[in-house]
Amino acid sequence: MARDTLIIEQEQPGQADGYLSRAGMYLSIMALINGEMPEDPECVNECTTTLYVYRFDLALAYRLAVSHGSLGPLEREDDLYYTEKIKVAMDDEVRLKYPSWGVVESRWIGDQVWDQDGSTIAAPAFVADVDKLKFAARVYGTLAVT
């Protein structure tokens with residue numbers, strides 16, 4: 001993955017977002033009957049969502065814009081921890097989904113690692129780069145890395 005890569009993800013909307021239930025419809029009708037302007041029940045007309053932006057190079061400059069709606073104020077999180085399960089199948093390096101500037105914690109799922117013959121062996125050492133993990137030996141296993 002190139003160092004000038006930028007990953008943008010949108011937080012998954014809730015199951016009820018954009019759907020008006022009977023209760024929401026009832027509340028809207030009651031507000032209209034009372035001469036009030038109904039609020040947007042259950043986010044039918046206007047919803048908010050979170051966008052996550054990950055840079056593989058912290059010096060990468062970018063400007064975020066949207067084609068529909070508007071962006072709120074930027075909230076920056078510098079100490080964000082994400083746990084990713086990495087399936088290793090005789091690989092000496094594996095790409096990470098998100099950029100990493102250091103491993104906080106790691107453990108092999110099931111506390112086991114196998115060689116090409118299927119024998120249980122000691123877990124190999126690994127080094128974390130911004131976009132990948134490099135293993136000292138080729139093994140099978142699943143590594144949970146934070």
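For Ala128, the side-chain contact (heavy atoms from CB on, under 4.5 Å) partners are Val103, Leu133, not counting sequence neighbours. By the side-chain contact (heavy atoms from CB on, under 4.5 Å) test, Tyr82 is found to be paired with Glu84, Tyr98, residues two or more places apart in sequence or in another chain being considered. Remark: Asp117 engages Asp115, Ser119 in a side-chain contact (heavy atoms from CB on, under 4.5 Å) (not counting sequence neighbours). Residues passing the side chain to side chain donor-acceptor pair (under 3.5 Å) test with Ser106, sequence neighbours excluded: none. With sequence neighbours excluded, the residues that form a side-chain contact (heavy atoms from CB on, under 4.5 Å) with Ala89 are Asp91, Tyr140. By the side chain to side chain donor-acceptor pair (under 3.5 Å) test, Thr142 is found to be paired with no residue, residues two or more places apart in sequence or in another chain being considered.
For the pair Val113/Pro124, a side-chain contact is recorded, criterion being any heavy-atom separation below 4.5 Å from C-beta on. By the 4.5 Å heavy-atom criterion applied to side chains, Val53 and Leu64 are counted as neighbours. Between Leu143 and Ile109 the shortest side-chain heavy-atom distance does not fall below 4.5 Å. Side chains of Phe126 and Val88 form no contact here, defined as non-hydrogen atoms less than 4.5 Å apart.
Under a 4.5 Å side-chain heavy-atom criterion applied to ILVMFWY residues, the cluster that includes Tyr81 comprises Val104 as well.
From Ile86, atom CD1 reaches atom CD of Glu93 across 12.0 Å, with rounding to the nearest 0.5 Å.
Heavy atoms of other residues, nucleotides or ligands lying less than 6.0 angstrom from CG of Asn34 number more than 12.
Looking at every heavy atom in both residues, Leu96 comes nearest to Val130 through CD1-O, 4.2 Å. The shortest heavy-atom contact between Trp108 and Gly141 is CZ3-C, 3.8 Å.
Counting only residues at least two apart or in different chains, salt bridge (charged side-chain N to carboxylate O under 4.0 Å, His left out) contacts with residues 135-146 comprise Asp92-Arg138.
No continuous path of ILVMFWY side-chain contacts below 4.5 Å connects Val127 to Trp101, so the two sit in separate hydrophobic clusters.
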